[in-house]
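In what follows, a single structure is set out as structure tokens and then discussed.
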Amino acid sequence: MAEFTDKPGYTFNPGAPPEVAAFFRNKGLRPSFDWQDIEPEEHAVAFSVAKAMQVDVLEAIKRALQEAIDEGIPYEQFAKELKPRLRRLGWWGVKEQVDPITGEVRKVRLGSPRRLKTIYRANIRSARAAGQWDRIQRTKDALPYLIYLLGPSEHHRPHHEAKEGLVLPVDDPFWQSWYPPNGWGCKCHVRQITRREAERRGISDSPEIPMREVLNRRTGEIKSIPSGIDPGWEMNPGLYRQRQMEQFLAGKLDAADPAVAHAAARDMAASWRLRRIHEGSARGAVPVAMLPDDLASAIGARTRVVQFSDYTAEKTRRKHGEATADEFVRVADLLETGSVAREVSATGTESLIVEGGSDRRWRLVLKRTVAGDEIFLSTFHRTTLAKWRRLLERDGVDLVRE
């Protein structure tokens, strides 16, 4: 099996840890003309490639990167398999594109071996780092410190080299911005260590972070970022995603940007909290998806947050063993792409029944509270097309989306 060993201690064989794969998989798609059109916050929740303005091109690149992350595919194989796909889609070489901001028609470089290498390295490194941050947060009681380490590059940026060996607590504000990678081609990384090792090496005081102003030539915006970090890399993406999950739990994402809500929902569906509720070791409910606006309207819901409760977990374990915790990442996809029917019971209770799946067919049922301020996943299990057709023949069932 192939390995990705781009920097010390970073080995994908046969694939990345689940946190790494989930971080990348749960991103949405964000077409863009220029890398400066996307803020670091957007990169944390959405996948974007400069000059990739078509969704099918973005989907092809994201799918290839996901395979590389999941299976430990090296760059050479990644590029060999992706290049012909991009050529078929017309995304290769130099072509004319319209700049959506200026309206100007410009000759721009689309796909090339150099660009594919940059795309591959930047996305795998950032996904690896964000996944590592998730594990750092879960294990910080035993390993409460991080040490900043340089990568195997022949030449290091002075600001990065100056931080080699820096030891700080996991939750020190320094890591909010100076959590590597910290720029294009940056191979710096951190290692989580015990208190004893931190004391032996010497725990640093939280350093001051000198700032510099940078101009976004696309928007005219001037903003301050830490000196030594490339524009666009000044945010810890794992920390940002973690904060969005916390906001999700606090019920603040109904009015959030759709890309943020999309990623946060998928992160929660793959989180430790869902696993604990699913196995019966935790009580309460956990968000697992955001209901599209049209479906929320179809059942008169005043929220789009779909929750999975301990009550449903008990029923799922007892009746539907195939619906393991790992399968709940399907819920968001089913809501976005599946066939949907609305059912009104004799008592007036409204439900949405969703069926679909490209590899195996699944069905889920959503029910809202009487007040419409909560939506719960009440059923989730495998099904067949024949059962779906029989459902549509029942009284009180209306097809919402085929």
(request) Taking the side chain as every heavy atom from C-beta outward, state whether Met290 and Leu335 have any pair of such atoms under 4.5 Å apart. (result) no
(request) Step through the shown structure and confirm whether more than 12 heavy atoms of other residues, nucleotides or ligands are within 6.0 Å of CG on Asp294. (result) yes
(request) Would you please test Asp333 and Arg266 for side-chain contact (heavy atoms from CB on, under 4.5 Å) and show each step? (result) CA-CA 9 Å; Asp333 288 333; Arg266 290 169 183 266; 2.6 Å; yes
(message) Go through it in stages, so that I can follow the logic: the residues are Trp133 and Leu146, the test is side-chain contact (heavy atoms from CB on, under 4.5 Å), and I'd like the CA-CA distance, side-chain angles, deciding distance and then a yes or no.
(response) CA-CA 11 Å; Trp133 182 260; Leu146 298 179; 4.1 Å; yes
(request) Taking the six-membered ring for Trp and the full ring for Phe, Tyr or His, determine whether the centres of His320 and Trp362 are under 6.0 Å apart. (result) no
(request) Search all heavy atoms of Val170 against all heavy atoms of Leu143 and return the closest pair with its distance. (result) CG2-O, 3.8 Å
(request) Compute the ring centroids of Tyr148 and His189, then answer whether they are less than 6.0 Å apart. (result) no
(message) Is there a side-chain contact between Asp398 and Val400 in this structure, where contact means two heavy atoms from C-beta onward sitting under 4.5 Å apart?
(response) no
(request) Give me the ring orientation class for Tyr179 and Trp175: parallel if the planes are under 30° apart, tilted from 30 to 60°, perpendicular past 60°. (result) perpendicular
(message) Under 4.0 Å between a side-chain nitrogen and a carboxylate oxygen: does that hold for Arg330 and Glu327?
(response) yes
(message) Can you see whether Arg195 engages Tyr145 through a side-chain donor-acceptor pair at a distance of less than 3.5 angstrom?
(response) yes
(message) Looking at Asp230 and Arg157, is there a salt bridge between them, counting it only when a charged N and a carboxylate O are closer than 4.0 Å?
(response) yes
(request) From the options Thr379, Val354, Thr383, Leu334, select the one residue that forms a side-chain contact (heavy atoms from CB on, under 4.5 Å) with Arg363. (result) Thr383
(message) Can you tell me how far apart CZ (Arg212) and CD1 (Ile229) are? Round to the nearest 0.5 Å.
(response) 9.0 Å
(request) Return yes if a side-chain donor-acceptor contact under 3.5 Å exists between Thr139 and Gln192, otherwise no. (result) yes
(request) Of all the heavy-atom pairs spanning Pro231 and Val214, show the shortest one and how long it is. (result) CG-CG1, 4.2 Å
(request) Indicate yes or no: at least one non-hydrogen side-chain atom of Ser177 is less than 4.5 angstrom from one of Pro226. (result) yes
(request) Kindly indicate, with the supporting measurements, whether the criterion side-chain contact (heavy atoms from CB on, under 4.5 Å) is fulfilled by Ile203 and Leu168. (result) CA-CA 6 Å; Ile203 301 170; Leu168 291 167; 5.6 Å; no
(request) For the residue pair Val190 and Pro180, establish whether any side-chain heavy-atom pair is separated by less than 4.5 Å. (result) yes
(request) Evaluate the side-chain proximity of Glu199 to Ile193: yes if any heavy-atom separation is below 4.5 Å, no if none is. (result) no
(message) Regarding Glu402 and Ser339, do their side chains bring together a donor and an acceptor under 3.5 Å, going by distance alone?
(response) yes
(message) Test salt bridge (charged side-chain N to carboxylate O under 4.0 Å, His left out) on Arg318 and Glu314; report intermediate values, then the result.
(response) CA-CA 6 Å; Arg318 179 164 40 87; Glu314 190 278 329; 3.1 Å; yes
(message) Taking the side chain as everything from C-beta on, heavy atoms only, tell me whether Ile61 gets closer than 4.5 Å to Trp91.
(response) yes
(request) May I have the step-by-step check of side-chain contact (heavy atoms from CB on, under 4.5 Å) for Tyr75 and Lys117, ending in yes or no? (result) CA-CA 7 Å; Tyr75 167 72; Lys117 185 172 289 187; 3.6 Å; yes
(request) Indicate yes or no: at least one non-hydrogen side-chain atom of Leu391 is less than 4.5 angstrom from one of Val397. (result) yes
(request) Output yes when Glu343 and Arg394 qualify as a salt bridge under the 4.0 Å nitrogen-oxygen rule, no when they do not. (result) yes
(request) Please determine if Glu374 and Arg302 form a salt bridge, counting it only when a charged side-chain N lies under 4.0 Å from a carboxylate O. (result) no
(message) Please tell me whether Phe376 and Phe308 form a close aromatic pair, meaning their ring centres lie under 6.0 Å apart.
(response) no
(request) Measure the shortest side-chain to side-chain distance between Gln307 and Ile375 over non-hydrogen atoms and say whether it is less than 4.5 angstrom. (result) no
(request) Indicate yes or no: does Glu197 engage Arg201 in a salt bridge with an N to O separation below 4.0 Å. (result) yes
(message) Check this for me, if you would: do Glu355 and Arg390 make a salt bridge, where the nitrogen-to-carboxylate-oxygen distance has to be below 4.0 angstrom?
(response) no
